[in-house]
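Have a look at the structure below before the remarks.
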There are 2 protein chains.
Amino acid sequence: MQFSNVAERREQPPALAVSTVIFSLRDDERTGRKSLWLPLVRRTREPFRGQWALPGGPLGPRDSLFDAAANNLRDTTGLIPRYLEQLYAFGDLDRSPTRRVVSVVYWALVREDDPHDTATSVLLDDSNVAWFRADDPEVLGNLAFDHRQIIEYALWRLRNKVEYGSIAHRLLGERFTLAQVREVYEAVLDKELDPANFRRTLRSTPDIEETDEFLAGGKHRPPRLYRYTGSTTHPLESENIS
Amino acid sequence: MQFSNVAERREQPPALAVSTVIFSLRDDERTGRKSLWLPLVRRTREPFRGQWALPGGPLGPRDSLFDAAANNLRDTTGLIPRYLEQLYAFGDLDRSPTRRVVSVVYWALVREDDPHDTATSVLLDDSNVAWFRADDPEVLGNLAFDHRQIIEYALWRLRNKVEYGSIAHRLLGERFTLAQVREVYEAVLDKELDPANFRRTLRSTPDIEETDEFLAGGKHRPPRLYRYTGSTTHPLESENIS
DNA sequence: CGAATAGTGTCTCTCAGACACTATACT
DNA sequence: AGTATAGTGTCTGAGAGACACTATTCG
């Protein structure tokens, strides 16, 4: 769509876009602990050409908001959503220097070993997609649009949500040890937790069930593997496909 | 804007609207307790002509989302926002039978005695605006669009938020007794609370400060009046003007 | 065996809820 | 005085955190 002049453009209705903040857990070589990472996409057009931005794009007429966010996820990571929830709608007048855009932002949690959609996996080599530490100030400081504030808000929500419960397992595999869950909490909350008390707290929730399997291979007593037997919160707060 | 045929309309970009769920506390003559009420607007055009709907309308090119919600509030109640927060963006394909609409919904808390904007107070006589009990199934069952689900979600959020704290005073005046705060909690949570324990809990929060005044007039010992000395949560979660 | 983590027992402190009790206004 | 609500004191049980201790596997 083209506009003949600035005044006319200004009176166009606001455009609607959907972006997605995608979190995953990776080993941090520097600290040795796990930490949160997220993929960004390099912009190939103005405005902010060459800078990193959240995956996203305009809302197609046949996509629900959720579908659009799921497409963001698929196109940048090749993954199917396991956890995908609406974060916030950002609509300030000056978010974009060129035209008025309202962005509905979702946030996702994925695991490294989630099954890839092979049809789109060719995109994963794309040099215009890269993963960064979610709290790297160098990266956050140079993002396009207001994406820095969006990511910081997503991190805030994640931290609040993880305390509230039942989020951590989304970043893990089907079966997991309680120590792995603790590592997730420690990465997200950025503090150490007492293994004994953490274990007891987790065991007291009905959502986590023990299996008969153990994880061998460490140089210590093999830990038992557990499984998540999910419960739902409010329907809108968990449109996720499990 | 007109469309020559259905196919063309279907490919138009989704329209963007802002609606607002406005809660207030009123005496319920039937139960004698306080309960939650909200204003609705009768639709004067198709679709859903004649049915009740949430106050709202299309997003103007010069309004931020927050401004648009504040305008909804002013136009239906004449009130300035004291608490106004984004609730959710609703974007399913079939929300409206005529065209694709994405609605960003806000929710507001107001007091009966909030100052009115006199310039718009003429609208308050409008027979197309009326207040209803927020949990009246008769009303909820006949709303336009998906507004029933929206209101139920807003109620859910309110209940969760009020437990989390610091919301109740928004429905009250500048100075209030602890029993009034308890009435708010009881109305929102729809259960009775122990006055002694509730009092102790509230006093232990730093956000509520006692004044030197007492509320006379009841046929009992006059209760002390308190004042709220607010704290902020996350900026995005409280864009409210206090 | 020692190292390392898994997993248990137990003490303490804090806080929510139940509820008896005292205080002070009104009629 | 009687009533109604304000406001205090105190007991109990559940849960969070500190931390000592036992269990089991690997090298």
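Note that the coordinates shown come from a computational prediction; the quantities given were computed from them, not determined experimentally. So you know, we letter chains A, B, ... as the sequences are listed, proteins then strands, and number each from 1.
Between B:K219 atom NZ and D:dA1 atom P there is a gap of 20 Å when expressed in whole angstrom units. The distance between atom CZ of A:R224 and atom P of D:dT25, rounded to the nearest whole Å, is 12 Å. Rounded to whole Å, the distance from CZ on B:R221 to C1' on C:dT22 is 9 Å. The CG-P distance, from B:L202 to D:dG7, rounds to 12 Å in whole Å. As a whole-Å value, the separation of B:R199 CZ from D:dG9 C1' is 13 Å. The distance between atom CZ of B:R203 and atom C1' of D:dA6, rounded to the nearest whole Å, is 13 Å. As a whole-Å value, the separation of A:D194 CG from D:dG17 P is 9 Å. The distance between atom CG of B:L225 and atom P of D:dA6, rounded to the nearest whole Å, is 11 Å.
Side-chain atoms of B:N71 and B:R74 form a donor-acceptor pair, as typed in the model, at a separation below 3.5 Å.
Classification of the A:Y185-A:F198 ring pair by plane angle, with boundaries at 30° and 60°, yields perpendicular. The aromatic rings of A:W156 and A:Y153 sit parallel to each other, their planes meeting at less than 30°, with 60° as the upper class boundary. Note on ring orientation: taking the six-membered ring where Trp is involved, the planes of B:H169 and B:F176 are tilted (angle from 30° to 60°).
Closest-nucleotide positions on DNA chain D for A:G218 and B:F214 were compared, and the one nearer the 5' end corresponds to B:F214.
Here the nucleotide nearest the side chain of A:P223, chosen from D:dG7, C:dA6, D:dA20, is C:dA6. Closest to the side chain of B:H220, from the set D:dT5, D:dG7, C:dT8, is D:dT5. Of the candidates D:dT24, D:dG7, C:dA6, the closest approach to any side-chain atom of A:R182 belongs to C:dA6.
Evaluation of atom-type donor-acceptor distances gives a pair under 3.5 Å for the side chain of A:N197 against the base of D:dA18. Between the side chain of A:R200 and the base of D:dG17, no donor-acceptor pair under 3.5 Å is found.
Across all strands, A:A179 comes closer than 4.0 Å only to sugar-phosphate atoms, never to a base (heavy-atom distances).
Salt bridge present: B:R175 and B:E213 bring a charged side-chain N and a carboxylate O closer than 4.0 Å.
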